[in-house]
Structure formats: structure tokens, C-alpha cells
2 protein chains.
Amino acid sequence: MSESKTYSIRDLSLEYDITPRTLRFYEDKGLLSPLRRGTQRIYDRRDKGRLALILRGKRLGFSLAEIRNWLDLYDVRDGQVAQARMLLDASEDRMQALLSQREELNQTIEELKAQMQQVEGWLDEQGLAAEAAD
Amino acid sequence: MSESKTYSIRDLSLEYDITPRTLRFYEDKGLLSPLRRGTQRIYDRRDKGRLALILRGKRLGFSLAEIRNWLDLYDVRDGQVAQARMLLDASEDRMQALLSQREELNQTIEELKAQMQQVEGWLDEQGLAAEAAD
DNA sequence: TCCGCACTTGACGTTTACGTCAACGTAACA
DNA sequence: TGTTACGTTGACGTAAACGTCAAGTGCGGA
């Protein structure tokens, strides 16, 4: 039973709410490379995983070019030690980028929180003033 | 002494490492509206603050259109209570977006960390095997 | 007064990330 | 055996975010 689950282009486009065009575009850019059954694309579990990574990368604001460079970091490979070292180095670079993005995100969140509290405080004052006017 | 600090287009482009073209583009899109001294743009402290927010928004992956909608949330305004309520509602929406982005970012970080540990583990095994071969 | 340099406004070009046809193949189903 | 649905490959279109000229304006210094 090596009946591994596979997906048509429509399956994936429905599940992830993207168009088939998008999937073909990602393939064209070297982000995906599904098998073919005749002329038709047939995606497997690995393709699906990569697609999920791609879409999350996009939501985090990375370009397809950056994402393509990083996708391999998630492929467990059977390379040599030297390859593994380079992989680790690249991973550390990406980790740094992610951490600094988290820093900026945290700052943005804190600042917005402060702004909101300020407006809330002002609203409370107005409420109290209205009460006092009774 | 209301000598508030101001900046030329070049000042800001150098400080934030963007081109003057970019600053004019942002103005065209309604993100900035510096004063004019004759025909020249003259940016003040508030403009500079907005620019910093714009650039951070970009680094976090938001479009200029989104950023424009959110910039006003950071302007302390002298509006009515109804205005303040709408402001708070909009702020909460944005806060939700930021929090869920942080969630995705954290997941990405955790997954990459796991991958890295896996590769490190493999490297250690190789090291031990080499030692044992002595 | 003239030079040079920074600034200005168009206008068109470019890259990224797809959308949108057109024209065709194929596979299942009544 | 049609026809209906889904799939394919081009080819061209488009929105966002600028880059890159071109041609003119204004101003402080020799």
C-alpha cells in the first residue's frame, strides 16, 4: 500500500483558495515541480507542503524569489557534510531575517496598543465629563 | 523658538536609503504631504515619523494601500466620540492582522529551528561515526 | 551674472505576480 | 457519439512600486 495521496491542480487551488494559473506560475518559477500523468499535473504530499510554505512566505511579505531560495532549507536532504554546513549557514541567515522581522512586528504591535489605550482614555474622559454634566 | 526641525527630500532619502523618486511617489499616493517652500518640498517631524511607519510597514509585507489606510491610526486626532469609536474599531482590525501575522511568523521560526536541529543532529552523528572509525 | 547643483514635473520603462483570453487535448458520462 | 468538464500551452494584459530619462526652475557662490 504505497498509495500516497495525490492532488489535481484543482484540488489544491480549491483547498488553498488560489487559481490554477497561480500554481502553474509557481511551477514556471521553479517553486514546484509536480509529476505528470500524460499532460496533467499530479501533486503529491511534498508538493502540497511546499505550497503551504510558499503561501505562508507570501503572507509574511517575502517575494517568490526569496521563498524559492529558502524552500530547500525544509527539504531533508541526503547530501554530504559540506552540503549540510552550507544548509545550516543559509538557515541561520534566514533565521536572523525572521527574528528581526518579529522584532519589528512586536514594536508595531506595542505602538498600536499604546495608541489604542490613548484613544480609550480619551473616550473615558468624555464619558466622565458627560456624567458630571448630569 | 518654534524652530521645529525640517528636512529636504535629499535629507530623508539619504537617512532612510530610498530615492527622492520614492518620496514623491509616496506623496502622489497620499501617504505624505510635505509643505512647500516655493516649489520645493519641506518635510517636518510628523512627515518623518510617517515615513518611518511606511517603511516598516513595507518591511512587514504590507502594500502601500494598506499602509495608507492605517497611517491615520497613529495621528492623534481631535475628532468626535463617534470618530474615536471608528478609530478604535479600525485599530482593532489592524491589531488582529498584526497578531495573526505574528502567529505565522512564530510558526515559521519554530519550524526552521526544528529543521536546523535535525541537520545539526545529523552532523553530530557523522562526527561520531568518523571518530569511531579511528 | 553666470555656473553648477539640487529640485521640480511629466512621461515612459521595468519587474513582480499573477489575470484573462484563445485554441486545443482528453476523459468520463448519458 | 456527442457534450460537458477539466486540463493544457501560449500570448497578451494589468496593477503595484518604483526606475529612468528629459526638460525646465531656482538659488547660493565665484
Side-chain angles (χ1 to χ4, degrees), chain A residues 5-44 47-48 50-72 94 97 101 104 108, chain B residues 5-44 47-48 50-72 94 97 101 104 108:
Chain A
K5 196 159 278 174
T6 64
Y7 312 85
S8 76
I9 195 168
R10 186 140 304 264
D11 291 340
L12 288 187
S13 75
L14 288 177
E15 179 161 355
Y16 290 96
D17 195 30
I18 57 181
T19 67
R21 173 70 176 95
T22 298
L23 283 163
R24 295 192 197 101
F25 181 75
Y26 291 165
E27 184 176 347
D28 212 56
K29 293 295 166 179
L31 299 175
L32 295 174
S33 34
L35 295 176
R36 297 296 182 113
R37 186 168 45 201
T39 168
Q40 255 146 286
R41 289 165 176 83
I42 169 82
Y43 300 87
D44 64 8
D47 295 317
K48 190 179 170 186
R50 289 173 71 95
L51 176 57
L53 286 173
I54 293 166
L55 296 177
R56 195 169 62 190
K58 287 213 58 188
R59 285 194 297 275
L60 293 177
F62 298 106
S63 72
L64 293 185
E66 293 175 289
I67 292 170
R68 176 169 37 90
N69 289 330
W70 289 334
L71 268 181
D72 297 337
R94 169 147 161 82
Q101 177 159 354
E104 292 206 286
T108 307
Chain B
K5 195 159 282 176
T6 65
Y7 313 85
S8 76
I9 195 168
R10 186 140 302 266
D11 291 340
L12 289 187
S13 76
L14 288 178
E15 179 162 355
Y16 290 95
D17 195 30
I18 56 181
T19 68
R21 174 70 177 95
T22 298
L23 283 162
R24 295 191 198 103
F25 182 75
Y26 290 165
E27 183 176 349
D28 212 55
K29 293 295 168 181
L31 298 175
L32 295 175
S33 34
L35 295 177
R36 296 296 183 112
R37 185 166 46 201
T39 168
Q40 257 147 284
R41 289 167 175 82
I42 168 81
Y43 300 85
D44 64 7
D47 293 318
K48 190 180 170 185
R50 290 173 69 95
L51 177 58
L53 287 173
I54 293 167
L55 296 177
R56 195 170 61 190
K58 287 213 60 188
R59 285 194 297 274
L60 292 177
F62 298 105
S63 72
L64 293 186
E66 293 176 289
I67 292 170
R68 175 169 37 95
N69 288 331
W70 291 333
L71 266 182
D72 297 337
R94 170 146 161 84
Q101 177 159 355
E104 292 205 284
T108 307

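In what follows, chains carry the letters A, B, and so on, assigned in the order in which the sequence lines appear, proteins first and then strands, with residues in each chain numbered from 1.
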Under a 4.0 Å heavy-atom criterion, the protein footprint on nucleotides 4-9 of chain D, written with B, S and -, is ---SBB
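Tyr26(B) is not listed as a side-chain neighbour of Asp47(B), based on a closest heavy-atom distance of 4.5 Å or more. Counting only heavy atoms from C-beta outward, the side chains of Tyr43(B) and Leu23(B) approach each other to under 4.5 Å. A heavy-atom distance below 4.5 Å is found between the side chains of Ile54(B) and Leu32(B).
One distance of note links CG of Leu64(A) with CZ of Phe25(A); it measures 6.0 Å at 0.5 Å rounding. Here the straight-line distance linking atom CG of Leu55(B) with atom CG of Leu60(B) works out to 11.0 Å at 0.5 Å rounding.
The stretch residues 23-44 of chain B participates, sequence neighbours left out, in these salt bridge (charged side-chain N to carboxylate O under 4.0 Å, His left out) pairs: Glu27(B)-Arg36(B), Glu27(B)-Arg41(B).
The distance from atom CZ of Arg21(A) to atom P of dC12(D) is 14 Å, rounded to the nearest whole Å. Counting to the nearest Å, the P atom of dG10(D) and the CG atom of Asp28(A) are 10 Å from each other. The CZ atom of Phe25(B) sits 13 Å away from the P atom of dA15(D) (whole-angstrom rounding).
Phe62(A) is linked by a ring-ring contact (aromatic ring centres under 6.0 Å, His included) to Trp70(A), counting only residues two or more places apart in sequence or in another chain. Residues passing the side chain to side chain donor-acceptor pair (under 3.5 Å) test with Ser33(B): none are found, sequence neighbours excluded.
Remark: Lys58(A), Ser63(A), Leu64(A) in residues 54-64 of chain A come within less than 4.0 Å of DNA chain C through at least one heavy atom.
Looking at Glu15(A), its side chain never comes within 3.5 Å of a backbone N or O of Lys48(A) through a donor-acceptor pair. Using a distance-only test at 3.5 Å, with no hydrogens or angles considered, no donor-acceptor pair links the side chain of Arg59(B) to the main chain of Gln101(A).
Here chain A contacts DNA chain C (any atom closer than 4.0 Å to a heavy atom, that is under 4.0 Å), and the contacts span dA17(C) to dT20(C) from 5' to 3'.
Between Thr19(B) and dG19(D) there is a side-chain N or O to OP1 or OP2 distance below 4.0 Å.
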